[in-house]
Amino acid sequence: MPGYSGTELMIALLAREVAGLGHVVAGALSPLPAGAALLAQAMGPTRATILGSRRFNPFGEGGRELFDCAAEGRIDAFFLSGGQIDGEANINLLAIGDPNRPTVRFPGSFGSAYLYFLVPKIVLFREEHSRRSLVQRVDFISAPGGSSGNLMRRGGPKALVTGLARFAFEGRFRLDSIHPGHSLADVEAATGFEFDRAATIAVTAPPTEAELRLIRGPVRTDLAEVYPRFAAGM
Amino acid sequence: MPGYSGTELMIALLAREVAGLGHVVAGALSPLPAGAALLAQAMGPTRATILGSRRFNPFGEGGRELFDCAAEGRIDAFFLSGGQIDGEANINLLAIGDPNRPTVRFPGSFGSAYLYFLVPKIVLFREEHSRRSLVQRVDFISAPGGSSGNLMRRGGPKALVTGLARFAFEGRFRLDSIHPGHSLADVEAATGFEFDRAATIAVTAPPTEAELRLIRGPVRTDLAEVYPRFAAGM
Amino acid sequence: MTDFLSLEALAAGIPDGAHVAIPPDYSGVAMAATRALIRRGVRGLKLLSVPTAGLQADLLIGAGCVAEIETAGIALGEAGSAPRFIAALKAGALAIKDTTCPAIHAALQAAEKGIPFIPLRGIIGSDLVGRRPDWRVVDNPFVEGDPILLLPAIAPDVALFHASLADRKGNLWIGRRRELATMAHAARRTLVTVERIQDEDLLADEASAAGTLSSLYITAIAEAPQGVWPLGLAELYATDDAHMALYAAAARTEEGFRNYLGEYARL
Amino acid sequence: MTDFLSLEALAAGIPDGAHVAIPPDYSGVAMAATRALIRRGVRGLKLLSVPTAGLQADLLIGAGCVAEIETAGIALGEAGSAPRFIAALKAGALAIKDTTCPAIHAALQAAEKGIPFIPLRGIIGSDLVGRRPDWRVVDNPFVEGDPILLLPAIAPDVALFHASLADRKGNLWIGRRRELATMAHAARRTLVTVERIQDEDLLADEASAAGTLSSLYITAIAEAPQGVWPLGLAELYATDDAHMALYAAAARTEEGFRNYLGEYARL
């Protein structure tokens with residue numbers, strides 16, 4: 001058994017994706033990104049903004065300011081997930097089946113359809129790495145992974161972190177590293193979309209002592225403001 | 001000699017134009033409208049908002065809120081003046097001659113080009129009643145008195161109060177009353193635009209004791225916040 | 001002039017079929033007023049969540065009060081998904097206008113400014129666009145070959161929310177929760193519940209004025225201490241997590257939800 | 001990260017030719033920084049008054065620092081018209097973009113939202129429209145036969161203003177003067193002078209947070225007590241009316257203005 005939990009691994013890996021950036025934001029219903037943003041803030045020059053938090057919230061204009069702030073180019077990275085994520089990095093946060101009468105309904109598209117375009121670095125995450133979550137083609141595009149040439153688009157997906165592996169994204173996903181304890185065969189079996197392989201697929205570096213100390217200390221404490229149940233379960 | 005000054009007469013007459021309305025606003029560089037709004041507030045159910053005032057200012061969104069508030073239909077009356085006012089109620093607050101190299105430059109159009117359309121009742125005022133100020137045709141239209149049929153327009157000029165007389169406006173000015181001590185001949189001689197005459201042209205009722213008591217008391221005191229020199233000179 | 005009403009009278013101010021803007025769960029949800037609405041059996045509401053919804057919408061939907069909801073997302077926070085919302089949607093008993101958070105903010109700002117539409121970047125390429133015949137993709141008239149989305153303004157009939165404090169003139173302390181100001185500006189009428197009402201004018205000093213929404217925008221106020229329970233209110237009280245879990249469990253079934261309503265809608 | 005600079009270093013942060021947004025006379029005009037700009041001999045500024053201008057613009061214009069001004073109005077308040085502005089305009093030495101207050105607010109809001117344009121009601125029929133080739137009258141795409149004005153967004157290079165208070169993190173107290181927030185959001189860089197800097201974090205409690213503009217938007221701050229003089233600053237000090245009258249009289253002539261500058265631009 002490794003000396004860290006799946007949650008701790010996700011937080012550490014997501015934090016590494018945004019390490020050193022100026023302003024990193026975690027959205028609604030997003031405890032893993034919130035943990036990652038707080039960890040990046042604890043380890044570097046990053047400012048973490050946590051939606052729903054009173055303490056980690058620079059905004060004075062209400063709910064719209066997050067989006068205006070992104071449009072002004074003042075947000076460097078944001079995290080998005082999806083009930084489904086496909087090989088073109090399209091994400092589905094809405095529903096499976098007819099959205100007017102769905103067979104599965106997710107919470108909703110939230111700000112994804114906007115922030116995916118406006119924030120330079122979008123880090124995709126989904127702890128559940130399965131053919132159910134990582135699909136050939138999403139049933140509904142809440143936010144598209146790519147856009148045609150003439151559409152104003154300043155940002156988009158740069159990486160995908162799951163419970164099994166880390167992919168880079170440049171038009172297609174490229175498997176870069178596999179987390180300790182898992183194999184390429186595991187990843188292939190659990191991934192519903194086609195992906196490229198890096199020339200050398202690394203073993204993901206596990207959370208360091210320093211990362212774990214911060215995650216189990218101040219990050220967990222700070223998370224409890226917005227995500228008390230999540231923090232208590234960590 | 002009447003028992004009141006020209007300033008007191010203007011304030012009383014402008015206040016009567018907006019008496020009983022819900023929300024009356026006085027703009028920048030506008031001591032007479034400010035006095036009138038404060039007098040209307042002292043005499044009735046009116047809420048007076050005075051631009052530049054801290055005390056008579058409900059706005060928490062900065063300078064834009066006055067205009068948004070008008071667009072929402074929450075302002076019932078506003079006052080506008082003009083370096084020139086013409087017979088179609090066009091007003092010129094900008095310049096005479098080429099605006100890029102004017103022979104006369106007024107302070108500027110301020111919010112007139114907007115509020116003239118959005119506030120139901122615009123009361124025009126100009127204490128100086130002369131062929132220089134009330135002209136056949138303005139040199140520059142800061143804000144037009146009328147608009148063609150298909151343009152969204154919710155309000156416009158309803159009356160003009162000068163140091164000599166009071167006109168109603170419905171596409172053309174109609175002389176309704178002449179202030180005490182002046183004659184129709186005085187008005188005709190001093191007016192640069194053509195105007196209609198009411199069937200009976202009244203003598204303007206001079207300021208009442210009650211109006212003068214309020215003008216010389218709380219209105220003057222309240223005006224001193226934004227217009228200290230004006231209030232001191234009253 | 002702002003009216004000061006009882007909670008029941010306030011709820012009576014929202015007619016059947018009204019288009020009602022409601023805040024997100026962290027921003028002062030008028031839960032006591034929501035229970036009053038359910039008690040009086042309001043029907044056919046069109047909810048606009050600004051920009052997301054939670055317990056309030058789930059309760060109203062479950063109680064049969066809602067014909068349509070426009071929302072960027074709905075869930076019960078850490079208590080999970082919104083069960084009555086999902087059940088109603090699956091049953092075809094609820095019309096939905098799916099959207100994205102900044103589109104709601106921008107459309108309310110358009111109403112606030114009295115403009116008929118407002119452009120917004122991004123979004124094009126999302127399947128949301130195809131589901132919104134009221135949205136338009138046009139070419140930016142200022143630049144060749146630059147498609148952009150236009151959103152029509154949204155002016156709700158009513159904004160309904162809760163604030164910590166009002167004064168006797170009807171001014172409200174909203175602090176940093178300025179989406180409440182935008183909602184009130186955009187809406188035709190604004191109905192508010194508050195924890196308490198103080199004598200001192202909130203606009204009398206600039207420190208409190210900075211977080212105050214003027215009575216100019218407030219139609220009526222009802223005092224409702226703990227009026228956001230079981231949700232939390234900023235500095236004053238936290239979300240009642242145990243109750244949220246209880247609700248989430250009960251509302252899994254229609255019967256459980258009915259029992260919950262019978263017990264708690266009386267509060 | 002917000003830098004803390006001397007007044008001279010702050011002024012050095014505004015290059016020749018910069019597009020600079022400035023607030024109206026009642027909203028925290030950075031007069032000490034303006035005098036520092038004049039001392040360093042800045043040239044070719046494009047001023048944007050938000051939405052009106054006064055002493056600051058008149059001084060900068062008289063001192064030859066300004067190539068162009070966009071404004072809805074300019075005057076010295078009760079001290080009368082802006083003499084150096086009028087003289088420069090009559091001499092053909094100043095380019096002017098005449099506008100109307102809400103058009104400036106709306107265009108800054110467009111920049112704040114990252115949208116390329118924003119519609120605005122009214123205005124059509126004003127001769128202002130013919131003087132603004134950058135504005136467009138279009139048909140509302142949502143309704144037949146409804147002409148409306150579109151304004152391009154304005155994103156200034158710099159917003160320059162004064163606030164009463166900053167904290168060590170670079171957060172600013174702006175209270176109800178939210179046009180300062182809009183300016184800072186819309187501008188690429190924001191340079192600010194303040195009366196004083198406190199140790200306590202302005203965002204630490206919700207009461208002060210409600211009137212606080214985050215350091216996220218603040219490029220640099222210089223301490224400049226009485227930094228708005230001879231204008232006034234909200235609750236702290238009133239406009240120096242005697243000085244305004246002195247300036248208005250002096251600036252009637254070029255020579256009087258030069259003498260004034262010699263005496264007061266050193267402050």
Show me the pairs that pass salt bridge (charged side-chain N to carboxylate O under 4.0 Å, His left out) and involve residues 109-131 of chain C, at least two apart or across chains. R64(B)-E112(C), D68(B)-K113(C), D98(C)-R131(C), R121(C)-D146(C)

Report yes if some heavy atom in the side chain of M152(A) is under 4.5 Å from a heavy atom in the side chain of V143(C); otherwise report no. no

Which portion of P51(C) sits near chain A, non-hydrogen atoms under 4.5 angstrom: neither

Just wondering, more than 12 heavy atoms not from R252(C) lying within 6.0 Å of its CZ? no

Looking only at D25(C), I123(C), L94(C), V50(C), the option with the highest number of non-hydrogen pairs under 4.5 Å against chain A is I123(C)

Most heavy-atom pairs under 4.5 angstrom with chain A, which of T182(C), I124(C), I148(C), N140(C)? I124(C)

Do any of residues 220-234 of chain A have a heavy atom less than 4.5 Å from a heavy atom of chain C, and if so, which, in residue order? V226(A), Y227(A), P228(A), R229(A), F230(A)

Atom pair CD1 (I104(C)) and CZ (F67(A)), whose distance is rounded to the nearest 0.5 Å: 9.5 Å

For chain A, find which of G122(C), A106(C), A53(C) contributes the most heavy-atom pairs closer than 4.5 angstrom. G122(C)

Closest-packed option against chain A by number of heavy-atom pairs under 4.5 Å, given C101(C), A181(C), A82(C), A93(C): C101(C)

With a 4.5 angstrom heavy-atom cut-off, is it the side chain or the backbone of L128(C) that approaches chain A, or both, or neither? both

Under the side-chain contact (heavy atoms from CB on, under 4.5 Å) test against F110(A), which residue among T52(C), T71(C), T100(C) passes? T52(C)

Looking at G125(C), P102(C), G73(C), G77(C), which makes the most heavy-atom pairs under 4.5 Å with chain A? P102(C)

Determine whether more than 12 heavy atoms belonging to other residues, nucleotides or ligands lie under 6.0 Å from atom CZ of R132(A). no

Side-chain (R178(C)) to main-chain (E65(A)) donor-acceptor, under 3.5 angstrom: no

Please rank A91(C), G145(C), P23(C) by heavy-atom pairs under 4.5 Å with chain A and give me the top one. A91(C)

Chain C contact via N90(A) - which portion, at a heavy-atom distance below 4.5 Å: neither

Looking only at R153(A), R54(A), R105(A), the option with the highest number of non-hydrogen pairs under 4.5 Å against chain C is R105(A)

Just so I understand: if I count every heavy-atom pair under 4.5 Å between each of A71(A), P99(A), G60(A) and chain C, which residue has the most? P99(A)

Looking at side-chain heavy atoms only, is the closest gap between N150(A) and P147(C) below 4.5 Å? yes

Atom group of Y116(A) that falls short of 4.5 Å from chain C, counting heavy atoms: neither

Using non-hydrogen atoms and a 4.5 Å limit, figure out which bit of S81(C) sits close to chain A: side chain, backbone, both or neither. neither

With only heavy atoms counted, which part of A79(C) is less than 4.5 Å from chain A, the side chain, the backbone, both or neither? both

Given that the side chain runs from C-beta out, which part of I91(A) has a heavy atom under 4.5 Å from chain C: side chain, backbone, both or neither? neither

Has E254(C) got more than 12 heavy atoms of other residues, nucleotides or ligands less than 6.0 Å from its CD? yes

For each of G52(A), S142(A), G97(A), tally heavy-atom pairs with chain C at distances under 4.5 Å, and name the one with the top tally. S142(A)

Using non-hydrogen atoms and a 4.5 Å limit, figure out which bit of T99(C) sits close to chain A: side chain, backbone, both or neither. backbone

Side chain, backbone, both or neither of S148(A) within contact of chain C (heavy atoms, under 4.5 Å): neither

Indicate yes or no for a side-chain donor-acceptor contact from S109(A) to the backbone of A72(C) under 3.5 Å, with no hydrogens or angles considered. no

